[in-house]
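Please read the structure below before turning to the comments.
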Protein chains: 2
Amino acid sequence: MSHRLSKTAAPTRSDAVYFGLRRAIIEQALLPGDKLTEDVIGERFGVSRTIVRSVLARLNAEGLVDLQPNKGAAIAQPSLAEAYDIFEARMCLERQVLARLAEKVTDQDLQLLEQHVGLEAKAGHQDSAASIRLAGEFHILLAELSGNKVLARYVDEVVSRCSLILAMYSRPHSADCSINEHHQIIDALRTRDAARAINAMDHHLQAVTERALLSSNSDKQRDIRSILDRYAS
Amino acid sequence: MSHRLSKTAAPTRSDAVYFGLRRAIIEQALLPGDKLTEDVIGERFGVSRTIVRSVLARLNAEGLVDLQPNKGAAIAQPSLAEAYDIFEARMCLERQVLARLAEKVTDQDLQLLEQHVGLEAKAGHQDSAASIRLAGEFHILLAELSGNKVLARYVDEVVSRCSLILAMYSRPHSADCSINEHHQIIDALRTRDAARAINAMDHHLQAVTERALLSSNSDKQRDIRSILDRYAS
DNA sequence: GTATACATTATTGGATACAATACTTTTCCG
DNA sequence: CGGAAAAGTATTGTATCCAATAATGTATAC
């Protein structure tokens, strides 16, 4: 999926914490506003604060956590204005991805995409957490297949941040509609029809955006210890 | 200009090192391939390795430095393939910026842009370092005026990385042509003509891209100590 | 003279310790 | 009681220390 490690670099312990936290955020196990105390995370993942700090800085750079000096880290709470900015950037980036893919997509690529949507269908209603994650990863996979590493990284980022936005402003995720729309995008790519693919993507993202209706989350302090344990494997 | 600190957050010592190094890279005082030893940087900036490490990680995330485990950091040396990816993403992002700006640009914005090109003209041929930096900052300013923080951050990143690309593959920077082309973009925005602005930008970036002809830099180890001193203020 | 094995040095990775700051609770006075 | 000041606690910021790894230099065998 995303963030595959390069061939030479062995996965470091820092990566384990990074991917663990990231997944917890994207699957909405950790919610916007949750406080991320360095000691707590370090303890759960079995590493020192040094590692945790670097991971938090990394997540902060990606916009997933908010980092205030002397106050610590918390899962980011994107405002509606930020949400709009993110959606605009995402639209712009994903269009470019599709334009590029329509030119160079291979049968193998298409097969991979189909396979991924298969996974989404499988997760379906049962595993809500995986369902949310897979829906995002479909877009990340598209970006990676485009072959442009820079676009891929940016798409990865905006898609992740969209998880946050949905967690803040949207009702529970429904898997079915995404799958349908993802199929339409694949179909358009199969015929190398960039315009149709982009159109399908526009409608898809529009649908996602519209699902975002203001609904403030309770902001009482949650204990994230038990949650972290599930992601520290 | 870019990376303005939020109102509440005081500039930390980490920021000082970050902006110092960043400027040294963008002004091409530090060149692609230069080794960045933690001790050396820490000594010059008067901070411990802890700070330096976090800064190097940040610059790595932005693609300005290469960071290999157990081997240390060096100014990134983007390959031609990466250069192409960066230019493609940059084109895509800056088009969106102009599309947005053409709708909402104010007279005050235009004045600010004119003023900036004035600075570029002033730096002119005399201060080559500042000239390079200012040419990039024009684009960053455009992105900031668009009002979309996400786009602004991404533009900032790709523009910075373009400095690296030019350092690797291009002949010395000529200020004049940039200024001329920047004026054309402002003119198009003044008439709210998005299409013409985008066209001007396309030609501008095309010109920059074409100036990038392969020319390997000598890769003997340089002593960066004296260079760092100039940026540690 | 070249190449390989070994010793030495330089540099990074990470944990810990201490200082600085923010947060919480208690105490004291009106 | 209510609120301000103060003491205590929790958490972050940074320097330093030690271990692990890579880079370098040296000697020895062929």
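Below, chain A is the first sequence line, B the second, and so on; all start at residue 1.
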Inset, instruction - Evaluate side-chain hydrogen bond (donor to acceptor under 3.5 Å, both in side chains) for A/S226 paired with A/D229, printing each intermediate quantity in order. - result: CA-CA 5 Å; A/S226 60; A/D229 283 339; over 6 Å; no
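Salt-bridge annotation for A/K149 and B/E82: absent, with no side-chain N of the basic residue lying under 4.0 Å from a carboxylate O of the acidic one. Using a 4.0 Å cut-off between charged nitrogen and carboxylate oxygen, B/D156 and B/R22 count as a salt-bridge pair.
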Could you pull out the protein-nucleic contacts involving nucleotides 11-16 of chain C (nitrogen or oxygen on both sides, under 3.5 Å)?
unit_1 : atom_1 : unit_2 : atom_2 : d
C/dT12 : OP2    : B/E38  : N      : 3.3
C/dG13 : OP1    : B/N70  : N      : 3.2
C/dG13 : OP2    : B/R53  : NH1    : 2.5
C/dG13 : OP2    : B/R53  : NH2    : 3.3
C/dG13 : N7     : B/R49  : NH2    : 3.1
C/dG14 : O3'    : A/R13  : NH2    : 3.3
C/dA15 : OP1    : A/R13  : NH1    : 3.2
C/dA15 : OP1    : A/R13  : NH2    : 3.1
C/dA15 : OP2    : A/S48  : N      : 3.3
C/dA15 : OP2    : A/S48  : OG     : 2.5
C/dA15 : N7     : A/T50  : OG1    : 2.7

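Here the options are A/I75, A/V65, A/L67, the test is side chain to side chain contact (heavy atoms under 4.5 Å, CB included), and the partner is A/L59; only A/V65 passes.
Aromatic ring centres of B/H182 and B/H139: separated by under 6.0 Å.
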